[in-house]
2 protein chains.
Amino acid sequence: MSDIPDIVIGRLPIYLRELKRLAHEENKLTTSSHELGKRLGISSAQIRKDLSHFGEFGKQGTGYHINYLIEKLQEILNLTHEWPVVLVGAGYLGHALANYAGFQPRGFSIKWVFDSDPSKIGGTVAGLNIQSVNELKSTIARENVKMAIIAVPVSVVQAITDTLVESGVKAILNYVPVHLNVPEDVQVSYSDPVTQMQRMTFYLE
Amino acid sequence: MSDIPDIVIGRLPIYLRELKRLAHEENKLTTSSHELGKRLGISSAQIRKDLSHFGEFGKQGTGYHINYLIEKLQEILNLTHEWPVVLVGAGYLGHALANYAGFQPRGFSIKWVFDSDPSKIGGTVAGLNIQSVNELKSTIARENVKMAIIAVPVSVVQAITDTLVESGVKAILNYVPVHLNVPEDVQVSYSDPVTQMQRMTFYLE
DNA sequence: CAAGGTTCGTGGAAGTTTTCACAATTGTAA
DNA sequence: TTACAATTGTGAAAACTTCCACGAACCTTG
C-alpha cells in the first residue's frame with residue numbers, strides 16, 4: 001500500500017476545505033504555507049512537508065496557486081468523481097445527515113436510506129425512500145457502493161456493519177459510540193460527541 | 001498545566017466507554033489490558049502505559065476491577081458531576097443533538113437551545129425552549145456554563161464563537177466545517193463528516 | 001506450600017512526527 | 001540589471017509516541 005503517513009492524509013481534507021474558503025469567500029488566487037498555516041493553527045513547515053509527499057505544487061517567492069492546489073488535492077484524495085453513499089438509520093441523526101447540504105459540493109451524495117423500523121420503512125427522508133435493511137445487501141452489491149454512514153442503535157451496529165462489509169462496502173463513517181470490528185481493508189471513521197466532550201472536560205477547572 | 005500527552009487523554013474516554021460496555025452488557029467484573037486492547041484494536045502495552053500516567057489501578061495476575069477503573073477514569077476526566085451544555089443552532093442537526101439520549105448517562109446535559117431564526121425562536125426542541133441568540137451571553141454568564149455545541153451556518157460561526165468565548169465558555173464542540181479562532185485556554189473539538197469521508201477515500205480503489 | 005500460569009507497571013529501544021534552518025528560486029522595484 | 005524580500009522544498013535534529021520485554025506480584029491447583 002501507500003507509505004504516506006495516515007496523519008498526513010488526515011490533514012489534506014483540512015487544507016482542501018480552507019483553500020476552497022480562500023478561493024470562494026475571499027476571492028484569492030494565491031496563498032502561502034504561512035498564510036494557510038496561520039488560518040488553521042498549523043505550522044507552515046508542516047504544510048510544506050505534507051504537500052511534498054505528493055509533488056511540488058508551489059513556487060518559491062510566490063506560494064501556491066489556490067485553484068491548482070485544490071485540484072491536486074482532490075486528485076490525491078480520489079475526489080475527482082462523486083461518491084454515492086448508503087445511509088443506515090433514519091432517526092433524528094439520519095434525518096440531519098440526509099438533509100445536510102454539505103456533502104454534494106465536497107464529493108459525496110447520500111443516495112439510499114435504510115432502517116429496520118417497520119413504521120419508518122416506506123416513508124421519506126430528504127426526498128429519499130426509506131427502505132428495509134433486508135434490501136441493504138442487494139442494493140450495495142447491485143450499485144457497487146463503497147461508502148456507508150451508520151446511525152443506528154448500539155445493539156444492532158455490529159450486525160449492520162457485518163452486512164455492509166459482506167456486501168462490499170470499504171469505508172464506514174460510524175456515529176454509534178462503539179468500536180467496530182472490520183477486516184483490515186475496510187476503513188472506519190468514528191464520530192461520538194460524548195467522547196469528544198469527555199476529552200475536553202479533562203482540561204476544565 | 002498538565003504534562004500528560006493530549007493523545008493519551010484522547011484515549012481515556014474510549015477506554016471508559018468500553019469498560020462500561022463490559023460492565024453493563026457483558027456483566028463482567030474484571031478485565032485485563034489484553035482483553036480491553038483486543039476489543040478496541042489497541043495494544044495492551046499502550047493501555048497499561050496510558051493508565052500508568054495516573055496511578056496504579058490494576059493488579060498483577062488479575063487485571064483491573066472494572067467498576068473501580070471506571071470510577072478512576074471519571075475522576076481523571078472531571079466527570080464526577082454532570083456538565084450543563086449550551087446548544088447553538090436548532091436545525092436538523094441541532095434537533096438530533098437535543099434529542100440524543102446518549103449525553104445524560106455519560107456526564108452531559110443540553111440545557112439551553114439558541115437560534116437566530118425568528119421563525120424558530122419560541123418553538124420547542126426536545127422539551128427545551130428555543131431562545132434568541134441575543135440572550136446567549138446573559139444566560140451563559142448567569143448559569144456559569146462552560147461547554148457549548150455549535151451547529152449553525154458557516155457564515156455566523158466565528159461570531160457565535162466569539163460571543164461564547166466572551167461569555168466564559170471554555171470548551172466547544174464544533175459541527176461547522178470551519179476552523180475556529182479562540183484563545184489558548186479554550187478547547188475546541190471538530191466534527192465534520194465530509195473531512196472524515198475524504199480521508200477515507202484516499203485509501204479506496 | 002510450591003509450581004505454573006497470568007498480568008501489571010515500566011525503563012529503554014524503536015519508530016513516527018514535527019520543527020528547524022537554509023540553499024534555491026521567484027517576483028518587485030529602483 | 002541588480003539588490004532585496006518572500007517563499008518553497010528538504011535533510012537533519014528534536015520531540016513525541018508506541019512497542020518490547022522483563023521483574024515483580026498475584027491467583028489457582030494439586
Side-chain angles (χ1 to χ4, degrees), chain A residues 1-15 18-19 22 28-73 76 179 184 199 202-203, chain B residues 1-15 18-19 22 28-73 76 179 184 199 202-203:
Chain A
M1 248 225 215
S2 170
D3 60 347
I4 291 159
D6 182 57
I7 198 158
V8 171
I9 305 302
R11 281 189 294 262
L12 300 186
I14 307 285
Y15 300 160
E18 194 65 24
L19 287 165
L22 279 165
K28 300 199 82 171
L29 291 177
T30 61
T31 188
S32 65
S33 61
H34 183 77
E35 181 181 41
L36 193 55
K38 201 171 171 195
R39 295 177 62 110
L40 293 174
I42 293 176
S43 83
S44 61
Q46 177 144 87
I47 292 174
R48 295 199 301 280
K49 189 72 138 187
D50 284 352
L51 295 177
S52 77
H53 284 97
F54 306 96
E56 309 195 351
F57 305 125
K59 264 200 190 129
Q60 284 102 328
T62 310
Y64 300 92
H65 191 291
I66 293 178
N67 284 329
Y68 177 72
L69 189 49
I70 286 174
E71 207 154 298
K72 286 298 167 186
L73 286 173
I76 292 163
H179 177 84
E184 266 202 355
R199 177 185 199 144
F202 175 81
Y203 298 99
Chain B
M1 244 222 221
S2 170
D3 60 345
I4 291 160
D6 183 58
I7 198 159
V8 172
I9 305 303
R11 280 189 294 263
L12 300 186
I14 308 286
Y15 301 159
E18 194 66 24
L19 287 165
L22 279 164
K28 300 199 81 173
L29 292 178
T30 62
T31 187
S32 64
S33 61
H34 183 77
E35 180 182 41
L36 192 56
K38 200 171 172 195
R39 293 177 64 110
L40 292 174
I42 293 176
S43 84
S44 61
Q46 177 141 89
I47 292 174
R48 293 199 303 277
K49 189 75 136 186
D50 284 352
L51 296 177
S52 76
H53 284 97
F54 304 95
E56 309 195 352
F57 306 125
K59 263 200 190 129
Q60 285 102 325
T62 309
Y64 300 91
H65 189 292
I66 293 178
N67 284 329
Y68 177 71
L69 189 50
I70 286 174
E71 208 154 298
K72 286 298 167 186
L73 286 173
I76 292 164
H179 177 85
E184 266 202 354
R199 178 184 200 145
F202 174 81
Y203 298 99

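In what follows, chains carry the letters A, B, and so on, assigned in the order in which the sequence lines appear, proteins first and then strands, with residues in each chain numbered from 1.
Under the salt bridge (Lys or Arg N to Asp or Glu O under 4.0 Å) criterion, the residue pairs touching residues 29-49 of chain A are A:Glu18-A:Arg39, A:Glu26-A:Arg39, A:Lys28-A:Glu35, with sequence neighbours excluded.
Regarding B:His34, its NE2 atom lies at a distance of 17 Å from the C1' atom of C:dG9, rounded to whole Å. Atom pair A:Ile7:CD1 and C:dT18:C1' shows a separation of 9 Å (rounding to whole Å applied). Rounded to an integer number of Å, the gap from CZ of A:Arg11 to P of C:dT19 is 9 Å. We find that CG of A:Asp50 is positioned 10 Å from C1' of C:dT18, with the value rounded to whole Å. Between the CD atom of B:Glu56 and the C1' atom of D:dC26 there is a distance of 14 Å, rounded to whole Å. Here the C1' atom of nucleotide C:dC8 and the CG atom of B:Leu69 are 13 Å apart, to the nearest Å. The CD1-C1' distance, from B:Ile4 to D:dC16, rounds to 15 Å in whole Å.
Contact of the A:Asn67 side chain with the A:Leu19 side chain is not registered, since no non-hydrogen atoms from C-beta on lie closer than 4.5 Å. With a 4.5 Å cut-off on side-chain heavy atoms, A:Arg11 and A:Ile42 count as touching. For the pair A:Phe57 and A:Ser52, the minimum side-chain heavy-atom distance is 4.5 Å or more. Annotation: side chain of B:Asp50 is in contact with side chain of B:Val8 (closest heavy-atom distance under 4.5 Å).
In terms of position on DNA chain C, the residue among B:Ser32 and A:Ile42 whose nearest nucleotide sits closer to the 5' end is B:Ser32.
Partners of A:Lys72 according to the salt bridge (charged side-chain N to carboxylate O under 4.0 Å, His left out) rule, which considers only residues two or more places apart in sequence or in another chain, are A:Glu75.
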Under 3.5 Å, N/O pairs linking protein and nucleotides 22-26 of chain C:
{"from": "C:dT26", "atom 1": "O4'", "to": "A:Gln60", "atom 2": "O", "distance (Å)": "3.1"}

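In this structure, B:Ser33 does not reach the C:dT7 phosphate: none of its side-chain N or O atoms is under 4.0 Å from OP1 or OP2. Between B:Tyr64 and C:dT6 there is no side-chain N or O to OP1 or OP2 distance below 4.0 Å.
Relative to the side chain of A:Lys49, the nucleotides C:dT17, D:dG11, D:dC19 differ in distance, and D:dG11 lies closest.
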Problem set entry | Worked verdict on B:Leu73 versus B:Phe54 for side-chain contact (heavy atoms from CB on, under 4.5 Å) | CA-CA 9 Å; B:Leu73 286 173; B:Phe54 304 95; over 6 Å; no

